[in-house]
Amino acid sequence: MTFNVLLLALAAIASVSAQTISGDGVVCVNGVLTSRGQTYIGTLNTTTGGRTCQAWASQTPHAHTRTPANFPNGNLVSNYCRNPENSRTGPYCFTTDPDIQFEACDVCADLAAQQTTTTTTTSTTTTTTT
């Protein structure tokens, strides 16, 4: 009987591994931003669809109000992905594609490609008695 309890206890031990990457003002856990990415200051300038970002100061091909003048604390530099208004969807940019106004940016994938990652392992043990 105790052997079965031991087997059940061993079977209940679970290891959970979380990949944490931090950099460019954000933290990603398992490829997901832990915030809305408003503090992202990296240089990613392509969208999840592979489109090139339009410069924030430019109104071509898409006119918009998210300019460096309107968002002085938004760090709207060059054509880098940003989230100046703290949108729930995270960092994005206006695109240079006339048919696609704006699109999300995967800053976590970009960070993963650039950095060495830290892996944290947490073990949980559950004991079952009969």
Trainee: So, the side chain of Gln38 versus the backbone of Pro84: is there a donor-acceptor pair under 3.5 Å, distance only?
Mentor: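 Indeed, once roles are kept as given, a pair shorter than 3.5 Å links the two residues.
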
Trainee: For side-chain contact (heavy atoms from CB on, under 4.5 Å), just list the numbers for Thr89 and Phe102, CA-CA rounded to whole Å, side-chain angles, deciding distance to a tenth of an Å, and then say yes or no.
Mentor: CA-CA 12 Å; Thr89 58; Phe102 60 89; over 6 Å; no

Trainee: Run Asn30 and Gln19 through side-chain contact (heavy atoms from CB on, under 4.5 Å) and show every step you take.
Mentor: CA-CA 5 Å; Asn30 294 334; Gln19 184 183 54; 3.8 Å; yes

Trainee: Could you tell me whether the side chain of Arg82 and the main chain of Gly42 form a donor-acceptor pair under 3.5 Å?
Mentor: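 Here the side-chain-to-backbone pair exists.
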
Trainee: Looking only at heavy atoms, what is the nearest atom pair of Pro72 and Ala69, with distance?
Mentor: CD-O, 3.7 Å

Trainee: Taking Cys53's backbone N and O only, do any of them form a donor-acceptor pair with Asn45's side chain (distance below 3.5 Å, no angle check)?
Mentor: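 Here the side-chain-to-backbone pair does not exist.
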
Trainee: So, taking the atom named CG in Leu44 and the one named CG in Leu111, what distance separates them when rounded to the nearest 0.5 Å?
Mentor: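 It is 9.0 Å, given to the nearest 0.5 Å.
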
Trainee: Would you name the heavy atoms of Cys81 and Tyr40 that are closest together and state the gap between them?
Mentor: O-CD2, 3.2 Å

Trainee: Knowing that exactly one of Thr95, Thr96, Asp97 qualifies, which makes a side chain to side chain donor-acceptor pair (under 3.5 Å) with Arg51?
Mentor: Asp97

Trainee: Using the rule that two of Ile, Leu, Val, Met, Phe, Trp, Tyr join whenever any of their side-chain heavy atoms come within less than 4.5 Å, decide whether Leu76 and Tyr80 are in one cluster.
Mentor: no

Trainee: Answer yes or no: is there a side-chain heavy-atom contact under 4.5 Å between Cys108 and Leu33?
Mentor: yes

Trainee: Could you grab the distance from atom OG1 of Thr46 to atom CD of Glu103, nearest 0.5 Å is fine?
Mentor: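 Spacing of OG1 (Thr46) from CD (Glu103) equals 9.5 Å.
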
Trainee: Rounded to the nearest 0.5 Å, what separates atom OG1 in Thr65 from atom CG in Asn70?
Mentor: 6.0 Å

Trainee: For Tyr92 and Arg66: C-alpha separation, side-chain torsions, deciding distance, then whether side-chain contact (heavy atoms from CB on, under 4.5 Å) applies.
Mentor: CA-CA 11 Å; Tyr92 69 94; Arg66 289 154 189 94; 2.8 Å; yes

Trainee: Please report the interatomic distance NE2(His62) to CZ(Phe94), rounded to the nearest 0.5 Å.
Mentor: 8.5 Å

Trainee: Apply side-chain contact (heavy atoms from CB on, under 4.5 Å) to the pair Cys93 and Trp56, showing each step before the final yes or no.
Mentor: CA-CA 8 Å; Cys93 67; Trp56 291 98; 4.3 Å; yes

Trainee: Using side-chain heavy atoms (C-beta onward) and a distance below 4.5 Å, is Thr67 in contact with Gln59?
Mentor: yes

Trainee: Could you tell me the separation between the CG atom of Asn86 and the OG1 atom of Thr39, rounded to the nearest 0.5 Å?
Mentor: 9.0 Å

Trainee: Which distance, rounded to the nearest 0.5 Å, do you find between the CG of Asp106 and the SG of Cys28?
Mentor: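 Here the rounded value is 8.0 Å.
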
Trainee: Measuring only between side-chain heavy atoms, which start at C-beta, is Asn75 closer than 4.5 Å to Asn73?
Mentor: no

